[in-house]
Q: 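Sending over a structure as structure tokens; questions will come in a sec.
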Amino acid sequence: MDFINSNLLTILILIPLVGAVLTLGHQMFWKQEGQLKWLTLGFTLVNFVVSLALFSSSAKAGPSGFFFEQNVPWIKAINTNYHIGVDGLSFWLVILTTFIMPIAVISTWHAVEKKATAFYIFLLLLESAMIGVFVSLDLLVFYLFFEASLIPMFFLIGVWGGENRIYAAVKFFIFTALGSLLMLVAIIALFFMYADQTGLGGSFDLVSILNAMKAGNLVLGPQAGMLLFLAFALAFSIKVPLFPFHTWLPDAHTEAPTAGSVILAAVLLKMGTYGLMRFNFALFPDQARETAWIFITLSIIGIIYGALVAMVQPDVKRLVAYSSVAHMGFVMLGMFSFTEAGMQGALFTMLAHGVTTGALFLLVGFIYERRHTRKIADFGGIANVMPIYTTIFVITTMASVGLPFLNGFVGEFLIMIGMFQSQVLSITESINWNYIAAMAAGTGVIFAAVYLLWMVQRVFFGKVTNEKNRILADLSWREIGLMVPLLILMVYMGVFPKPFLARSEEAVKAIKERVMHQGGGSIEKTDVLPNIPATENR
Amino acid sequence: MEQVLKTAFPFIVISVGILLAFQGVLMIVAYTVLAERKVLGWIQGRIGPNRVGPWGVLQPFADLLKFIFKEDLVPDKSTKFVYFLAPMVALTCALLPIVVYPFGPRIADPLSWLVPYVSGIAYLGDAVVWIAEQAKNMPLTIARIDVGVLFVLGITSVGVYGIALAGWSSNSKYSLMGGLRSSAQMISYELAMGASVIGAVMLAGTLDLNGIIQAQTQSPFKWFIIPQFIGFIVFLIAAFAETNRVPFDLPEAETELVAGFHTEYSALKFALFFMAEYVNMFTVSVMCTVLFLGGWYVPGLSYLFEVGSIPYALVSHVAFIGKICAFLFLYIWIRGTLPRFRFDQLMNFGWKFLLPVAIANVILTIVVVFLLNR
Amino acid sequence: MNTFLLTDLITPDANVSLILPELIVAVTGIVVMLYDSFVPKQRMVSGALSLIGLAAAAIVLGSMWGTAAPTGWNGMIAHDNLRLGFSFVFLFVSAMTILVSTVWTDREDVPVGEYHALLMFATFGMMIMSAGSDLVTIFLGLETLSIATYVMAGLRKSDLKSNESAMKYFILGSFASAFLLYGMALIYGATGTTQIAEIADKVANPNFPGLLLVGGAMLLIGFGFKIAMAPFHVWTPDVYEGAPTPVTGFMAAGPKAAAFASFLRVFVLGFPLVAGAQASGYLHQSWIGAVTVMAMVTIIVGNVAAIMQDNVKRMLAYSSIAHAGYALVGFVGAGLAKSTQARDEAIAAVAFYMLTYAVTNMGAFGIVTLLAQKNDRRTEFEDYNGIGFKSPVLAFSLSLFMLSLFGLPLTAGFMGKILVFRPALESGNTLVAALVVVAVIGSAISAYYYLRLIVVMFFRERTTSWSDPKIPVPLAAALIITVIGVFYLGLFSGGLIERFSQPGAPAVIAAER
Amino acid sequence: MVGTALFFLFAGLAIACAISMVYHRNPIYSAISLVGVFVALSCIYVTLAAPFIAAVQILIYAGAIMVLVVFVIMLLNLDEDRPHSRLHYLYALGGGLGVLLLAQTFFIFYSVMRAPNLPADQTVSPGETMSIGRAMYTEYLLPVEIVGIMLLMAVIGGVILVRKLNAPQLELVVEKELELRNEEEAKDGLGIAL
Amino acid sequence: MEPSLASYLALSGILFTIGCVGVMFKRNAIGMFMCIELMLNAVNLTFVAFSRYYGDTTGQLFVFMVMAVAACEAAVGLGIIIAFFRNSMSVDVDDASLMRN
């Protein structure tokens, strides 16, 4: 037990890796491609089961407040350590990753015809890298996993994608790589600032850097701090994607195979928001506060823009992709409100979006497998032919819209509350910008309802216009089985959000405190707002 | 005035020396030509030239006159400048090494016997005294340089240009072939020659020609022909090849190439080439003598005359010329007896036999010298 | 007059054990050549012999690591981490070249004995370059290397491209050598010595300060040519494209690293900043500035030009230019290092970078060699269309190498870049920081063309027929080594880096004259 | 006085020959001019008290290298260069470089003239064979060994490059066949199908 | 009276310049090679002049090594030129443009 407690995260990272190697070996020696999906499914399921051990109550926080912490020296020359651990921020994201992977694998049961071996290997490698991203506490190790997750996705889109896959894959890669390279420079710069100011030699360790900052041993100058912050923020904003950097997302989503889209939506996008919270807020609280208005503005633009563009998309998948842009805008908004409610909401929305949008992409995938088209115009009246499919689709859409008692609602509601409470935007006598921001975001919800429901209406209801649609088979047991856990989660998260929120409470509080209490520039204003709980004023 | 004279004096001496030496060498060369014809005739049971002068002694001068008065033909499409340059280069390079050869031992005091005779005469007396003082310890060398062996080898290697350029500039197939062959041959055998010299140089411990001779004095058993016999043989063979003599006279193989590189040359320009060849023979012989036969050293002569006295020098000098003549005779003798190589045989012989042998000789010498000096 | 010099000769300061690795390599070359001349029809033995020689040299080299510096050869040889680290790289490159080129030598009927002998001599030259602590040894090592490489570039005699490549390489290479030599002459004139250590002492107070500056500039041009630093890179693409593929791989990895070794030795160790001395301040400032600017240009030119190439070898050539630029980042860092230890670490970083580049590059060229077919026919991007899943082993390995060249984390390339950027940033110089930013942007650009090859291989469909080429055993060995190497250097390079930066011996052994 | 006169004589000769070498389009003229430069330089070395280097200069440059060059020119039977203009940027580049180097020469001249010019010590003669030989086999032993290896390598290289191909014409015909065979062999290869 | 060090250096610089310009102006590979040889010789002169100035053998030894290198370069370089000539029947470097794109 002790062994597992101390090595659980490493095991989580390694299981898919071992799976990938075994898959390769299996194929080399037995050449039975049909068995590979079982093998892969097995590994992802095992990983999921193992990841449930994270719930174990016997776990104790490590010296730096992280659970399942592990800190092993890696390359001494540059003083980088293999330092991993989970806390409230990353806990659910890890579970989400291991949860979504088996579903993604099952979704590809019949879809992948060519080069199946490589496909499964890339899926497994991707899982490994994603888990690594969420658990690493060393900046360099984080960067390593962050970049490493690119390659499998790049191949997934490029080889198994649609018509325009090459363009989409390259665009995806270059956008993300460009951002993260700048982050690398920032990481190295941080390393030297640490070395310079503490005199302990450089370090990539997040915990040490944070401790030094808290103790006042490491003080970033305003200019340097801003540059570093921007470098980090750019990398994550591209990944999220924030409004002006979002153009890779629709392309990548549209061209990716179903499993790829699911993973992309469910997990990869969360890396950006996770990174912002974990690194940007923690390392550069002052800069985060100062620039919050920019991010809030951009997220609002993103929400509205995403919704508007989604409305006119002729392609279902593209529509869902733009809805992702809007939803991630919400997440960003919540985070940059710097209130407990807002950030909790953001975290919750990340999970909810993962489940819902993943499910939506799966559903689009199902119909694509049957009709080999995703044009809204090609459908119509599907409800008559595929009742089960329609039911599931409508429920999922509702979750995405944010209907109460489904998961989408909780997160968005919390975010709005957070925004109303927020104190990051300047509040003058006449205009309370927070309210305006919150209301603007609120219109996003309405837009979301409009475009999603309109799409549902066009696709599922009315008469069957296209003859080809008459003979469509309804969902198979496999597909239903695939959707059921997701549906259960949607409802469960909508009704009992408490356990999800409880896990992250501590971490969010800590971050919030760090952001709002450093530097002290805006502390006075807290008194102006009556509805802030007293605990947050400490 | 006096200052100018004093400054100019060394140049005057050197000029006089050069003139004397060149004159002497050219005379020897001229008579080598005659001797060759005579000796060849003798070997082949003929008489040889005997019309001009008693026993044909004036034949060389007759030949010279003939060359001078012949019509000078220049091929139409030749590269004129190079065409004219080539024979001059050939002869110059052949003559240049003479400058560094020691023709005899040092004379301790060559001119002081003159001083009493002119003691009363104004100007002349003083001048002679001064000159006698200057001339003390006079070497019988025009220019003593530290690196005589290298100088000779260097100049010899430059000699290839004359032949190569002549062949190229005549704009004739045969000339070109001859020129190419000849340069290839000379480049190839130069290596063996250089390698064969190293042994002697190592034994002497100097590159100075006079120093090499000095190292061989005291006894004829110290002549390098004995410890360096392999080197000597290699040098000799390479010397034949370097001078394009039979059996290595491929460049001018009449049956194949008409006359080789000088097919298109006539009259005085041909004479220059002709002379260059014989001067080369002479210089190579000198080199061989210096390196392997003790140069001007005559065994036992120091018992007869005092070292450094004039007669000692004279006898030594004559002996030196004698040794050279012996070599020249060898050249002629071999020309009379041996047939010509084929070109591929020549190259194979040079690269695959002569050069390895020469190198082996060097290594052997190193080992022996090392062991002896432990 | 008859003096036998041997008796009164000073005993030469010959310490064979100091140059044992170099000696082993050179002797191997001679042995290979002799073996080949007596047993002419062999195809494998000379390669095996060379490999054994290289391995022996590597073992000896390893045993010399961290030992106290023996002296010898009157300060012609330095025994320090610069020499050891780089020599290791050269031995590796050479061994890989032998493994990789078996495909090619068999295919094109190359005279193997001579080829391997030349390779050994080239390796010898490289090792001398990194070990030489006197301008003479550096120059001779460089020329030994260059001359061997000229010949190797022209080994495909029946092909005009190869001839052309050799000729351009020869002319521009000797041209560069002339500049280098002029620089050396002027440095000698300015300081009165050719030993690096003495130059370093003398730099503060040279006899002719002006000459020092001019000499430094000329040396910069000369070395710039050799490492293909812009604007002296013009020869690289043509030469790399025309040369036989394994030789191109060798040229991109080995000689470039060797030139870096000497470049480091002469500039970083020879022209240090001496506090308070005006002349050395000028010199130091000028060369740092010049190299920084040139490195920026190099990175930009290399990457931008590589994007426009349609030939894989040419693309790799431009990419190698860009990589020289990245290595120069570490070079500048070494030049600006504030302490001896920092300098040693920076030098080690450059050596390590060269090692990562060598590993990646040799692997990539191995595959390109195999795919190229006779006469290097298949070297265009189009020829790689859709081979991804038809030759998966080759294609995935090649992709891995491309990603490593790009600098993807977890691969060797990333570790190399991190290490060279580190000293540069540590220096705290604004211009150098800008250089790092340029380097980062450059690597972002490079993603495009490295990915292009992957895209072509995996995402395109093949229109013409393709048969998966058979991978001969030596090449398979090379691929396994390089693939493992890429991961090993990317993940567990800690120990190796420490070895490389071990300060062990004093930088240069000064000779008592 | 005499030294200066000799220097200017040979320097003038060297420069004139050098210019003539660059100017002439006929390679043979260029080669002859270059030999002229070498000889002039050799004479200058003598005035610089370096007889050994002077002799070696003649022996190696004039006697070996240039002979080889002339030999090759004759062998290839080269004519004059074609007169029409080449890539213009190269002329511009050459001109620019020339001006730059000339400026550099002036700089060198100026900076050396300005520096205190201690007269050469006449008593030591570094150029004598004895001292050169001594240095060569003590201090410079390693470089000499390296040179040995380099020469060996150059021999090998030269031979490989110039040696005639076995059957250059046939190769084109055989090539296709070989390729076919290669491709057949490839089918039962080591390739691992993923 | 001897000419000063500066004048030797000037001569060497001028020769180097001529050689360098020659490399740019020549079209003929052999001509370029000869220009490079001229440059090497100019450098040799610098070495010898400094050797004289410092009364030191270093410079002359360096020259000796340079000469050896030049010989090697000549052997290999002319070999390369001949190989090129065999395939293209020209030694004009401007004809060597197979790979310009």
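Numbers restart at 1 for each chain; the letters A, B, ... are given by sequence-line order, proteins then strands.
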Q: So for A/Leu184, is it side chain, backbone, both, or neither that comes closer than 4.5 Å to the heavy atoms of chain C?
A: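 Interface part for A/Leu184: side chain.
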Q: Please look at C/Tyr448 and chain A and tell me whether the side chain, the backbone, both or neither of the residue comes under 4.5 angstrom of a heavy atom of that chain.
A: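 When you check distances to chain A, atoms from both the backbone and side chain of C/Tyr448 fall under 4.5 Å.
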Q: I'd like to verify something: which residue of C/Leu403, C/Leu491, C/Val455 has the highest number of heavy-atom pairs under 4.5 Å with chain A?
A: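 Of the candidates given, the most pairs with chain A belong to C/Leu491.
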Q: What's the spacing between A/Arg165 CZ and A/Phe155 CZ if we round to 0.5 Å?
A: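 Nearest 0.5 Å value for the CZ-CZ distance: 12.5 Å.
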Q: Set out, in order, the CA-CA distance, both residues' side-chain angles and the distance that settles side-chain contact (heavy atoms from CB on, under 4.5 Å) for A/Lys37 and A/Thr108, then state yes or no.
A: CA-CA 8 Å; A/Lys37 47 191 172 193; A/Thr108 61; 5.9 Å; no
Q: Heavy-atom distances under 4.5 Å only: say whether A/Tyr143 touches chain C with side chain, backbone, both or neither.
A: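 Both parts, heavy atoms under 4.5 Å.
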Q: Taking all heavy atoms of A/Trp248 and all of A/Pro241, pick out the closest pair and write down the distance.
A: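 Closest approach of A/Trp248 to A/Pro241: NE1-CB, 4.0 Å.
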Q: Give the member of C/Glu345, C/Arg452, C/Met415, C/Arg460 that has the highest number of heavy-atom pairs under 4.5 Å with chain A.
A: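 Ranked by heavy-atom pairs under 4.5 Å with chain A, first place is C/Met415.
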Q: Does either side chain, that of A/Gln70 or that of A/Asn7, offer a donor lying less than 3.5 Å from an acceptor on the other one?
A: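 The answer is yes; a qualifying pair exists.
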Q: Between C/Phe406 and A/Phe173 (judged by ring centroids, cut-off 6.0 Å), do the two rings come close enough to count as a pair?
A: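 That pair passes the under 6.0 Å test.
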Q: Which bit of A/Phe191 is near chain C, if near means a heavy-atom gap under 4.5 Å: side chain, backbone, both or neither?
A: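 Interface part for A/Phe191: side chain.
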Q: Please determine, among C/Phe414, C/Phe421, C/Phe492, C/Phe459, the option with the most heavy-atom pairs under 4.5 Å with chain A.
A: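 Most pairs with chain A among the choices: C/Phe459.
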